[in-house]
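Written below as structure tokens is the structure these notes are about.
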Amino acid sequence: MAAVEVTEGSVKVGMCGQPLFYRQALPPSGEARLCVLLLHGIRFSSENWLQIGTLRALAAAGFRAVALDLPGLGQSKAAEAPAPVGELAPGEFLMQVCEGLQTGPVVVISPSLSGMYSLPFLFQHTQQVKAYIPVAPICTDKFTAEQYSGVQVPTLIVYGDQDTQLGEVSLRNLSQLPNQKVVVMKGAGHPCYLDDPGTWHKSILDFLQTLS
């Protein structure tokens, strides 16, 4: 089987001033089934998805995988964030990212800090979100039960059972989404995907196979 190649690039987003850095892996053979957009937490970047093999695992399974460095972080440090840390960013931010990358409807993987970007996108541009994979994201308490109940996007909630703060709070709020499944990663902390990449990859790939 052909090896998966990871490339680097940048995408212009109107509200950031400077371009945003990303890493991308494409399926070795032919057309991608879907695009998976990977975000990251405050101490992390797209490099983590490269190091633990998530970009290659997704591409090998037939998906286009794009890992973004969020504004002000990683190799996107020069880009201005559209909102302060912990506040909701405009949903239009990720919409502009998707348009710039020509992704079509995306699966969004969103750990921790990136909830400030992914949740407004989920609620404001639902038609652009093919599926949602939150990993103990912040800002889940900023939406109402009514807002959650109105979103039918297939969702895989992932968290580590040692993450007793954000993991449990986000689970409680995200469980109000009607079309969700939960994966609890045993013995894993807040960045549970780093603690057990094997379980992480199996969980997300199994879920992605269920999408029509």
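All heavy atoms count here, side chains included; hydrogens, waters and symmetry mates do not.
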Practice task
Would you please name every residue forming a side chain to side chain contact (heavy atoms under 4.5 Å, CB included) with Q176, sequence neighbours left out?
Solution key: A145, Y148, N173

Exercise for the section: Taking the side chain as every heavy atom from C-beta outward, state whether L88 and F143 have any pair of such atoms under 4.5 Å apart. Expected result: yes

Problem - Common cluster, I133/M116, ILVMFWY with side-chain heavy-atom separation under 4.5 Å - result: no

Practice task
Report yes if the side chains of S175 and Q180 come closer than 4.5 Å at any heavy-atom pair, otherwise no.
Solution key: yes

Practice task
State, yes or no, whether a side-chain contact exists between I42 and V85 at a heavy-atom distance under 4.5 Å.
Solution key: yes

Exercise for the section: Looking only at non-hydrogen atoms, find the nearest pair between V4 and P28 and report the distance. Expected result: CG2-CG, 3.7 Å

Completion exercise
Sorted by chain and number, sequence neighbours left out, side chain to side chain donor-acceptor pair (under 3.5 Å) with N179 holds for none

Quick one: side chains of residues 93-109, donor-acceptor pairs under 3.5 Å with protein atoms, not counting sequence neighbours, listed by atom name and distance.
from: Q96; atom 1: OE1; to: G14; atom 2: N; distance (Å): 2.9
from: Q96; atom 1: OE1; to: M15; atom 2: N; distance (Å): 3.4

Problem - Closest non-hydrogen atom pair between L20 and A79, with its separation - result: CD2-CB, 3.5 Å

Handout entry: Student check: side-chain heavy atoms of S114 and F44 closer than 4.5 Å
Key = no

Practice task
Verify the distance criterion only: is there a donor paired with an acceptor across the side chains of S118 and Y132 at less than 3.5 Å?
Solution key: yes

Side-chain donor-acceptor pairs under 3.5 Å in residues 52-61, sequence neighbours left out?
from: T54; atom 1: OG1; to: W200; atom 2: NE1; distance (Å): 3.4
from: T54; atom 1: OG1; to: H201; atom 2: NE2; distance (Å): 2.7

Can you give the donor-acceptor pairs under 3.5 Å from side chains of residues 181-192 to other protein atoms, not counting sequence neighbours?
from: H190; atom 1: ND1; to: D163; atom 2: OD2; distance (Å): 2.7
from: H190; atom 1: NE2; to: S112; atom 2: OG; distance (Å): 2.8

Practice task
Return the minimal non-hydrogen interatomic distance between L166 and A136, and the atom names on each side.
Solution key: CD1-O, 3.8 Å

Handout entry: Student check: side-chain heavy atoms of L211 and P154 closer than 4.5 Å
Key = yes

Handout entry: Note, P178 side chain near Q152 side chain (heavy atom, < 4.5 Å)
Key = yes

Exercise for the section: Kindly write out the residues that satisfy side chain to side chain donor-acceptor pair (under 3.5 Å) with Q24, not counting sequence neighbours, or none if the list is empty. Expected result: R64

